2 protein chains.
Amino acid sequence: MTTDMGNVTSNDRGSEGEPKRADARRNRQAILDAAAAVFVTSGVNAPIREIAAKAGTGTATIYRHFPTRADLIVAVYRHQVDSYAEAGPALLASTASPYEALRAWIDLFVDFLVTKHGLASVLQSDDQRFDPLHEYFLERLVPVCGQLLEAAAVGGEIRCTLEPHELMRGVGSLCIGADRTSGGDPRPLVAVLIAGLRP
Amino acid sequence: MTTDMGNVTSNDRGSEGEPKRADARRNRQAILDAAAAVFVTSGVNAPIREIAAKAGTGTATIYRHFPTRADLIVAVYRHQVDSYAEAGPALLASTASPYEALRAWIDLFVDFLVTKHGLASVLQSDDQRFDPLHEYFLERLVPVCGQLLEAAAVGGEIRCTLEPHELMRGVGSLCIGADRTSGGDPRPLVAVLIAGLRP
DNA sequence: GACTAACCGGAACCTCGTCCCATTTACTAT
DNA sequence: ATAGTAAATGGGACGAGGTTCCGGTTAGTC
């Protein structure tokens, strides 16, 4: 008669599953807070042990909650990514031209990437280990980008020579290394890229 | 060959210093050959031990000849980079319009980068360790790029809204991850970027 | 042929990612 | 309240890779 509440054998803590026990939930939050802090100072590739130390847990606990580094990064930035996804339609509604909305939205995304040390690099990495991260960003933002592109295309403001995911990948790529002191602002480059969409 | 051994730093074993003893010269060449082969199969971040094994030397020998990985990469690709640098003026002379020359030259550079696994990533890395590599590529190619940009600008074919080094960095960034199976061809993106230079 | 200094290469050390396992702890039924 | 149980924990072990040290080896010279 032991309770069979959730006898899910496999770990259900994938990306979204909140742990059931209170201590696990607490630890999960502590890890998220610590990771967010460490990412700011040491970048998204900071050693796991550093995050564990700051969270006051062992390294295994981090791996239990977030099997890969990509899962941890997704969890830390999920809210921000979601808010950018929602900002797309809002900009489309509030801006004069769809092309301007696209430009403003891309600017938001660039601002996001340049403040996250190493995030852009990791987003373009061909390391299989980061596929979940890659996938989440694309799955969440590509539809929005496609919507903006489509709106600008029907208005004749741009020629649709690029797929939405290509544009996102390009913008992400241009933001790599933007936090170097010697590496300048990626915004001029992004501006040229967006200008290249015009007919 | 190289006569510009002028004002590098005190460390003159850095890029070009040929060893004096015959065995050292032989080992240096063996390392270069092995590295070139390994870079093709395992990318420019292949383990040092792998290169050493293929060259039939110890790891310390590699570090003695090429203190950093950047030095090794520069030595392996120096000839190709130099040939691309020389291709710039040639294209300018043989092509109808400077803008077309610029486009053809950029295409050459993209072809070079996409065939070198991980080279583009390393070129944009903010790891201090790769600064010599970064520096060599920029120092060699930026002037050529500037020449092409300038020629196209005086012809009124483009607006000079971008510095040469910015353009090179942008093209390099767009080529990151181009060797992934899922990551597509960077050429459409580069084409849009170049199109964005037009007035 | 002997001497010297440059050179060599394997081994050792360090960092980091990853996983195992003995121990602890939160929840539930009695 | 309490005992039982499964979930959760964290320290440490293991492996991969970068970097350096050190005793042995060898090319070039007298």
Side-chain angles (χ1 to χ4, degrees), chain A residues 1-14 17-32 34-35 38-39 42-73 118 122 125 127-133, chain B residues 12-13 17-32 34-35 38-39 42-73 118 122 125 127-133:
Chain A
M1 306 323 188
T2 67
T3 74
D4 51 352
M5 56 175 300
N7 58 354
V8 230
T9 61
S10 67
N11 54 358
D12 50 350
R13 54 181 92 59
E18 293 281 325
K20 302 164 213 34
R21 268 172 54 167
D23 55 346
R25 260 196 311 270
R26 218 179 315 124
N27 267 327
R28 186 189 144 95
Q29 193 56 47
I31 290 169
L32 281 178
V38 170
F39 284 173
S42 306
V44 295
N45 283 312
I48 292 288
R49 284 173 172 85
E50 186 180 343
I51 302 173
K54 185 141 198 154
T57 73
T59 57
T61 304
I62 294 185
Y63 280 100
R64 197 170 305 110
H65 284 283
F66 308 99
T68 74
R69 185 179 290 270
D71 294 320
L72 179 56
I73 298 175
V122 152
S125 160
D127 193 332
Q128 302 278 345
R129 176 186 309 160
F130 290 122
D131 275 354
L133 177 65
Chain B
D12 56 356
R13 68 120 71 257
E18 291 281 325
K20 301 165 190 39
R21 265 174 57 167
D23 56 346
R25 261 196 310 272
R26 217 179 317 123
N27 267 327
R28 187 190 142 94
Q29 193 56 48
I31 290 169
L32 280 177
V38 169
F39 284 174
S42 305
V44 296
N45 284 310
I48 293 285
R49 285 173 173 86
E50 187 180 343
I51 301 173
K54 186 142 199 153
T57 74
T59 56
T61 303
I62 295 186
Y63 279 100
R64 198 170 305 109
H65 285 283
F66 308 99
T68 73
R69 185 179 291 270
D71 295 319
L72 180 56
I73 298 176
V122 152
S125 160
D127 193 332
Q128 304 277 345
R129 175 185 308 162
F130 291 121
D131 274 355
L133 177 65

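Sequence lines set the chain letters: A, B, ... in the order given, protein chains first and strands last, and positions in each chain run from 1. This one's a predicted model, so the numbers in the text were calculated from it and none came from an experiment.
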*asked:* Just the rounded figure in Å: distance from C1' of dA16(D) to CG of N45(B).
replied: 15 Å
*Using modelled atom types only, decide if a donor and an acceptor are shared between the side chain of N27(B) and the backbone of A24(B) within a distance under 3.5 Å.*
no
*Taking atom C1' of dG17(C) as reference, at what distance in whole Å does atom CZ of F130(A) sit?*
11 Å
_Under 3.5 Å: donor-acceptor pair, side chain of R28(B), backbone of F66(B)_ = no
*NA contact type, T57(B), heavy-atom cut-off 4.0 Å: base, sugar-phosphate, or nothing?*
sugar-phosphate
*Kindly give the heavy-atom pair with the smallest separation between F39(B) and V44(B), and that separation in Å.*
CD2-CA, 3.6 Å
*Would you mind reading off the distance between R49(A) atom CZ and dG17(C) atom C1', rounded to a whole angstrom?*
7 Å
*Base, sugar-phosphate, or nothing: which does R69(B) touch, judged by heavy atoms less than 4.0 Å apart?*
sugar-phosphate
*At what distance, to the nearest 0.5 angstrom, does CD1 of I73(B) lie from OG1 of T68(B)?*
8.0 Å
*Would one find a side-chain N or O of N27(A) under 4.0 angstrom from OP1 or OP2 of dA8(D)?*
no
*With sequence neighbours excluded, tell me which residues meet salt bridge (Lys or Arg N to Asp or Glu O under 4.0 Å) with R49(B).*
none
*Starting from P on dA6(C), measure out to CD on E18(B) and report it in whole angstrom.*
18 Å
_I need a per-nucleotide contact map over nucleotides 20-30 of chain D, read 5' to 3'. Cutoff is protein heavy atoms under 4.0 Å; write B for the base, S for backbone only, - otherwise._
BB----BSS--
*For the residue pair I31(A) and I51(A), what are the closest heavy atoms and their distance?*
O-CG2, 4.3 Å
*Measure from CZ on R129(B) to P on dG18(D) and round the result to the nearest Å.*
9 Å
_Degree of bending, the helix from dG1(C)-dC30(D) to dT30(C)-dA1(D) (end axes from five pairs; round to 10°)_ = 0°
*dC16(C), dG9(C), dG10(D): which one has an atom nearest the side-chain heavy atoms of T61(A)?*
dG10(D)
*Please determine if a side-chain N or O atom of H65(A) lies less than 4.0 Å away from the OP1 or OP2 oxygen of dT9(D).*
yes
*Separation of Q128(A) atom CD from dG17(C) atom P, in whole Å?*
19 Å
_Closest non-hydrogen atom pair between F130(B) and S125(B), with its separation_ = CD1-OG, 3.8 Å
_Separation of dG17(D) P from I62(B) CD1 (nearest whole Å)_ = 14 Å
_Heavy-atom pair of closest approach, residues R69(B) and A46(B)_ = NH1-O, 2.8 Å
*Heavy-atom check, side chain of D71(B) versus side chain of H65(B), under 4.5 Å*: no
_Between C1' on dA7(D) and CZ on R28(A), what's the gap in Å once rounded to a whole number?_
16 Å
